[in-house]
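As the structure is a prediction and not an experimental result, all values here were calculated from the model. Heavy-atom basis, side chains included; hydrogens, waters and symmetry copies ignored.
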Amino acid sequence: MSAPYAESAGPKIVALGGGHGLAASLSALRLVTERLTGVVTVADDGGSSGRLRSEFGVLPPGDLRKALAALCGDDEWGRTWAEVLQHRFTSDGDLAGHAVGNLLIVALWERLAERATGSLADSHVAGLDWVASLLGARGRVLPMCSVPLEITAQVEGLDSADPAQVRTVRGQSEVARTTGRVRSVALEPSDPPACPEAVEAIRGADGVVLGPGSWFTSVLVHLLVPELAKALHETRARRVLTLNLAPQAGETRGFSPERHLEVLAAHAPDLRIDVVVADDAFVADQPALAAAAAQLGAELVVADVAWADGSPRHDPQRLARVYAKVLSG
């Protein structure tokens, strides 16, 4: 995309989330500013990330990898590295299912820890910065915490004989695919150490973007890290919340857009939001959504931010136009 968005480096923007939702947000925001930081959840326990987390005791690299790929440039170098990072091995052996980017990130973490004779945790940020430099990434990627986390959820409707019974479901992958109704989520440990660079980025930002993404396991979890939550409350940045384009099977099946906001308010009752961005095709009851946004202190902005093919994916170009407007104040 050519400017009008950035005649200079642009505002300092921090985007929080995980997985495909954060990647969508970063893909749009890198068209708005060159001063961009992605803060990524570190609770994934499934697939390649879960295997590496379990075997090496590292942060799960998958969502970090996706964020880095989203920040790759549109030239041949950037496109090639984005494809390589996301490439998964297909075989009958031990490498089956592993993403190249996950292995690269973990290898750098181990190598840097060996060179510095420090802990593996100390190498997390440095390793991600090395990968970003290799890729020519247009921005920085940081973990939200210095240790891997476990998500627990209170879920009802799992017992057909007693649908009102609430059970505890453990693990990001289990919560994401639950067939019950998620009522709330929590983190273990409950007071995890936030990544200091992530806290600093939020405090110094001109704008902060939450969402889109898996609502309970990628978006709300950031609000449960005490140091991150404190920074989000105290930052002078303009706070923007981006809603998904459709309910997610499992986590938010049957949720209306306003229900997403009610759940967020229940997990972070004192957090003020400045703008809520929603796609017009997903908003069935705009007055109800506007009222829910107002409860958070936010203005509702309804716009066409989805791909024209009708799929529930954010179009980076359309979303960038909205971000450029709402983040300018």
Between Val42 and Leu223, is there a shared hydrophobic cluster once you connect ILVMFWY residues whose side-chain heavy atoms come closer than 4.5 Å? yes
Check the pair Val185, His267 against side-chain contact (heavy atoms from CB on, under 4.5 Å), reporting the backbone distance first and the verdict last. CA-CA 8 Å; Val185 289; His267 284 77; 3.7 Å; yes
Does the side chain of Val322 come within less than 4.5 Å of Thr242's, by heavy atoms? no
When you measure from the side chain of Arg236 to the backbone of Asp206, do you find a donor-acceptor pair of N or O atoms at a distance under 3.5 Å? no
Do the side chains of Val221 and Phe216 get nearer than 4.5 Å, heavy atoms only? no
Heavy-atom check, side chain of Pro60 versus side chain of Pro148, under 4.5 Å: yes
Holding to salt bridge (Lys or Arg N to Asp or Glu O under 4.0 Å), I want the full list of residues that pass it with Asp63, two or more places apart in sequence or in another chain. Lys66
Do Ser25 and Tyr323 get their side chains close enough for a donor-acceptor pair, meaning under 3.5 Å? yes
Testing the 3.5 Å rule here: is there a donor-acceptor pair between the side chains of Glu188 and Thr152? no
Nearest atoms (heavy-atom pairs only) where Val147 meets Pro192: CG2-CB, 4.5 Å
Flag the pair Val141 / Asp129 as yes when at least one side-chain heavy-atom distance between them is below 4.5 Å, and no otherwise. no
I'd like to know if the side chain of Arg167 reaches the main chain of Gln154, judged simply by a donor and an acceptor atom lying under 3.5 Å from each other, with no hydrogens or angles considered. no
Does the pair Lys230/Glu234 count as a salt bridge with the N-to-O cut at 4.0 Å? yes
Using every non-hydrogen atom in the two residues, find where Ala28 and Pro316 come nearest and quote the distance to one decimal. CB-O, 3.5 Å
Check side-chain hydrogen bond (donor to acceptor under 3.5 Å, both in side chains) between Ser214 and all other residues, then give those that pass, not counting sequence neighbours. Gln248
Does some side-chain heavy atom of Ile13 sit less than 4.5 Å from a side-chain heavy atom of Thr37? no
Taking all atoms of both residues into account, what is the closest heavy-atom pair of Leu128 and Pro143, and its distance? CD1-CD, 3.7 Å
What is the distance from atom CG of Asp44 to atom OG1 of Thr217, rounded to the nearest 0.5 Å? 9.0 Å
For Gly180 versus Leu158, what's the shortest heavy-atom pair and its separation? N-CD2, 3.5 Å
Do Leu300 and Gln286 touch side chain to side chain, with heavy atoms closer than 4.5 Å? yes
Rounded to the nearest 0.5 angstrom, the CG-CG distance for Asp270 and Leu296 is 11.5 Å
Quick test of your reading: applying ring pair (Phe, Tyr, Trp, His ring centres under 6.0 Å), list the pairs with at least one residue in residues 231-264, sequence neighbours left out, ordered by first then second residue. Trp215-His260, Phe255-His260
Let me see the working for His124 and Ser146 under side-chain contact (heavy atoms from CB on, under 4.5 Å), right down to the final yes or no. CA-CA 8 Å; His124 282 138; Ser146 305; 5.8 Å; no
Would the number of heavy atoms belonging to other residues, nucleotides or ligands and lying under 6.0 Å from CD of Glu200 be above 12? no
Listed by chain and number, what are the ring pair (Phe, Tyr, Trp, His ring centres under 6.0 Å) partners of His222, not counting sequence neighbours? none
Taking the side chain from Thr80 and the backbone from Glu76, do they hold a donor-acceptor pair closer than 3.5 Å? yes
When every non-hydrogen atom of Leu71 is compared with those of Gly139, the smallest separation belongs to CD1-C, 3.8 Å
Run the side-chain contact (heavy atoms from CB on, under 4.5 Å) test on Arg53 and Leu59 for me, step by step, so that the C-alpha distance in whole Å, both residues' side-chain angles and the decisive distance to 0.1 Å come before the verdict. CA-CA 6 Å; Arg53 168 181 174 167; Leu59 298 179; over 6 Å; no
Can you find a side-chain donor-acceptor pair between His98 and Arg51 that sits under 3.5 Å? yes
Once rounded to the nearest 0.5 Å, what's the spacing between atom CG of Asp94 and atom CZ of Phe89? 12.5 Å
Give me the one residue out of Asn102, Leu108, Leu103 that meets side-chain contact (heavy atoms from CB on, under 4.5 Å) with Pro61. Asn102
Backbone of Gly62 reached by a side-chain donor or acceptor of Ser49 within 3.5 Å: yes
Taking atom CG of Leu16 and atom OG1 of Thr41, what is their separation to the nearest 0.5 Å? 10.0 Å
Provide the full list of side-chain hydrogen bond (donor to acceptor under 3.5 Å, both in side chains) pairs with a residue in residues 299-315, sequence neighbours left out, each pair given once. Asp304-Arg318, Asp309-Ser311, Asp309-Arg313, Ser311-Arg313
Working for side-chain contact (heavy atoms from CB on, under 4.5 Å), residues Leu187 and Glu150: CA-CA 6 Å; Leu187 293 176; Glu150 181 175 53; over 6 Å; no
Looking at Ser218 and Leu22, would you say the former's side chain and the latter's main chain have a donor-acceptor pair under 3.5 Å? no
Let me check something: do Leu289 and Phe282 share a hydrophobic cluster, defined by ILVMFWY side-chain heavy atoms less than 4.5 Å apart, either directly or through other members? no
Which value, rounded to the nearest 0.5 Å, describes the distance between Leu31 atom CG and Leu36 atom CG? 10.0 Å
Between Thr252 (side chain) and Pro247 (backbone), is there a donor-acceptor pair under 3.5 Å? no
Write out all pairs satisfying side-chain hydrogen bond (donor to acceptor under 3.5 Å, both in side chains) with one or both partners inside residues 173-185, taking only residues at least two apart or from two chains. Asp45-Ser173, Glu156-Arg181, Glu174-Arg177
Quick one: does Arg239's side chain have a donor or acceptor within less than 3.5 Å of a partner on Arg272's backbone? yes
Counting N and O atoms only, with roles assigned by atom type, does the side chain of Thr235 sit under 3.5 Å from a partner on the main chain of Ala231, one being a donor and the other an acceptor? no
If we only count heavy atoms from C-beta on, is the Arg140 to Val125 side-chain gap below 4.5 Å? yes
Evaluate the side-chain proximity of Glu251 to Leu220: yes if any heavy-atom separation is below 4.5 Å, no if none is. no
If hydrophobic clusters are built from ILVMFWY residues whose side chains come within less than 4.5 Å, do Val169 and Ile151 share one? yes
Checking the side chain of Glu227 only, and the main-chain atoms of Ala194 only, is there a donor and an acceptor separated by less than 3.5 Å? yes
Out of curiosity, Leu29 CG to Leu327 CG, how far, rounded to the nearest 0.5 Å? 6.5 Å
Asn244 side chain to Gly213 main-chain N or O, any donor-acceptor pair under 3.5 Å? yes
Closest approach of Ala82 and Ala69, non-hydrogen atoms and distance? CB-O, 3.9 Å
